[in-house]
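Below: one structure, written as structure tokens.
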Amino acid sequence: MQAVCWYGPHDVRVKSVPDPYIEDSEDVILRVRLTAICGSDLHIYGGFIPGMKKGDILGHEFLGEVVEIGSAVKSLAVGDRVVVPFAIACGRCVSCRRDLWALCDNSNPNAGTLDTLYGASGSGLFGYSHLYGGFSGGQAEYVRVPFADIGPLRLPPHITDEQALFLSDILPTGYMAAENCELRAGDVVAVWGAGPVGQFAIRSAFLLGASRVIAIDRIASRLDMAVAGGAETIDFMQEDVYDTLMDLTGGRGPDACIDAVGLEAHGSGSALARYDRVKQAMWMATDRLQALRQAIHACRKGGVVSIPGVYGGFLDKVPMGAAFAKGLSLRMGQTHVHRYMAPLLAHIEAGSIDPTFVISHRATLADAAEAYDTFLKKEDACTKVVLRP
Ligand code: NAD
Ligand code: ZN
């Protein structure tokens with residue numbers, strides 16, 4: 001089959017690779033109908049995620065048709081069209097039973113390294129390094145899906161592939177980011193990053209009761225998309241983010257701040273942003289955290305900083321004193337996608353969410369290398385690329 005394989009920083013290639021096969025009785029094999037490139041894939045593309053090996057198949061946002069089925073799988077049949085959560089979960093460990101699916105205790109066969117590095121490992125992830133299990137991803141013609149009775153959600157025929165695809169990741173991620181803000185009616189939310197995750201966080205914040213949402217980015221097309229979703233905007237290259245947020249909130253700061261940027265934050269010329277960039281370039285630091293610093297600094301006293309953006313290592317110059325002094329709550333982590341897929345599908349069916357608005361580019365799997373580059377550089381008003389095998 002054809003698959004998108006990682007060969008090093010800024011080097012992905014579409015290659016012929018062996019077809020996946022049933023390795024465990026709880027597996028199914030999907031023929032991928034539609035897949036997408038995620039902002040998280042850009043962290044791998046940029047070379048910021050350790051534990052990748054040349055030839056690894058990328059992709060954790062995909063939807064497809066069941067073509068082969070393990071002997072123990074009870075809930076799926078050949079021909080079913082399903083969308084698959086990016087985190088792999090067994091459904092029976094302590095974490096899964098607590099509804100913490102992205103923290104599954106059983107699905108990462110390489111958990112030892114993260115046990116050492118982080119104290120404990122999260123779940124296995126599709127296409128996201130050997131630290132997270134080395135599972136082949138779904139930017140391919142076929143993909144093996146473990147624990148097939150637990151993750152995949154069968155789709156009704158009237159929902160299109162494009163409507164359902166983002167249930168795999170970014171729609172639940174934006175939603176969980178907003179839910180973590182514990183909003184009360186009338187709250188003001190600021191969202192750093194108007195990428196796909198930020199866009200869904202904006203719409204989810206309104207669904208969950210926010211009266212105003214302020215989106216922060218520097219890319220005009222993305223800020224326009226945020227405005228279309230009802231947000232006010234700040235271009236962080238043009239305006240001082242803290243001062244503007246204070247002006248917009250009567251000097252109090254937003255009730256909740258969402259960091260939908262993560263470890264590759266761009267600076268606006270500040271000394272700290274330059275410091276992050278130099279340290280990251282010299283491999284002395286793993287993450288650049290201008291967005292997170294600003295979120296903590298601007299959040300109102302007693303507010304919530306919700307962090308869907310991915311961080312990987314040991315963060316430098318985190319304003320912990322500010323977080324402590326203001327009594328902030330910090331919420332973060334990989335999304336528990338399993339928890340949100342069915343209720344969000346119901347929102348899509350009811351018409352209260354139409355996730356297709358984020359799609360700016362449609363390409364074939366064969367065009368993946370170019371698509372990664374366009375998405376990385378945010379050229380051509382690129383917000384989200386979907387790939388059809
Ligand atoms: P993206 O790269 O398309 O968007 C990131 C946006 O942040 C860009 O528009 C960029 O211009 C903006 N940005 C950069 N620096 C900024 C700054 N200093 N202030 C404000 N905005 C800034 O990515 P995405 O797909 O929207 O994903 C966003 C983040 O969410 C990534 O870190 C991704 O890995 C993460 N993510 C996490 C989960 C999860 O389970 N927690 C799931 C999916 C994605
Ligand atoms: Zn993702």
Side-chain angles (χ1 to χ4, degrees), residues 35-46 48-49 58-62 85-87 101-103 122-123 125-128 132 137-139 165-177 180 190-202 214-223 225-226 233-237 239 241-242 257-270 272-273 276-277 287-295 298 306-312 331-337 339-340 358 360-361 372 374-378 381-385:
T35 178
I37 308 175
C38 178
S40 301
D41 293 323
L42 294 182
H43 304 322
I44 299 182
Y45 188 61
F48 297 110
I49 303 293
L58 297 172
H60 57 267
E61 299 181 351
F62 57 88
F86 73 81
W101 306 89
L103 302 176
S123 71
L125 304 175
F126 288 102
Y128 220 76
Y132 285 98
Q139 289 167 9
L165 177 62
F166 303 134
L167 289 168
S168 59
D169 179 352
I170 51 171
L171 175 55
T173 295
Y175 191 86
M176 186 171 106
N180 276 345
V191 179
W192 277 254
V197 170
Q199 298 293 340
F200 287 129
I202 292 166
I214 303 160
I216 302 150
D217 206 304
R218 60 172 185 169
I219 298 171
S221 56
R222 292 177 173 216
L223 290 173
M225 199 178 259
T233 59
I234 299 175
D235 178 339
F236 70 84
M237 298 303 282
E239 289 167 281
V241 173
Y242 176 85
C257 291
I258 297 177
D259 170 0
V261 179
L263 63 88
E264 290 183 73
H266 290 277
S268 52
S270 74
L272 269 181
D276 285 345
R277 197 169 270 282
D287 307 72
R288 304 195 304 254
L289 52 155
Q290 151 135 336
L292 180 60
R293 284 192 197 107
Q294 287 181 348
S306 164
I307 312 170
V310 167
Y311 290 92
R331 312 280 310 267
M332 64 193 86
Q334 302 281 8
T335 305
H336 303 299
V337 177
R339 196 197 282 172
Y340 299 98
V358 291
S360 58
H361 288 62
Y372 264 85
T374 308
F375 183 46
L376 174 74
K377 295 177 181 155
K378 321 301 189 208
C382 182
T383 331
K384 187 77 181 176
V385 189

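Computed from heavy atoms alone, side chains included, the values below leave out hydrogens, waters and symmetry copies. All ligand and atom numbering here is 1-based and tracks the order in the structure.
- H60 has its ring centre less than 6.0 Å from the ring centre of F86.
- Sorted by chain and number, the residues within 4.0 Å of ligand 1 by heavy atom are C38, G39, S40, L42, H43, F86, D169, T173, W192, G193, G195, P196, V197, I216, D217, I219, R222, F236, A260, V261, G262, A265, H266, Q290, P308, G309, V310, G333, Q334, T335, F375, K378.
- A side-chain contact (heavy atoms from CB on, under 4.5 Å) with Q334 is found for exactly one of T173, L125, L103, namely L125.
- Across all their heavy atoms, A194 and D217 have their closest contact at N-OD2, 2.7 Å.
- Annotation: cation-pi pair K377/F375 absent, no NZ/CZ under 6.0 Å from the ring centroid and within 45° of its normal.
- If you take CD1 on I37 and SG on C382, they are separated by 7.5 Å, rounding to the nearest 0.5 Å.
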**OP:** Decide side chain to side chain donor-acceptor pair (under 3.5 Å) for Q139 and D41; before the verdict, give the C-alpha distance in whole Å, the side-chain angles of both, and the deciding distance to 0.1 Å.
**Re:** CA-CA 11 Å; Q139 289 167 9; D41 293 323; 3.2 Å; yes
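- At a cut-off of 2.8 Å, measuring from the Zn ion (ligand 2), the protein N, O or S atoms that fall short of it are C38 SG, H60 NE2, D169 OD2, waters left aside.
- Salt-bridge check for E264 with R277: failed, with every basic side-chain N at 4.0 Å or more from each acidic carboxylate O.
- The CZ atom of R288 lies 8.0 Å from the CG atom of L263; values are rounded to the nearest 0.5 Å.
- The two residues G127 and I44 have their closest heavy-atom pair at O-CD1, 3.5 Å.
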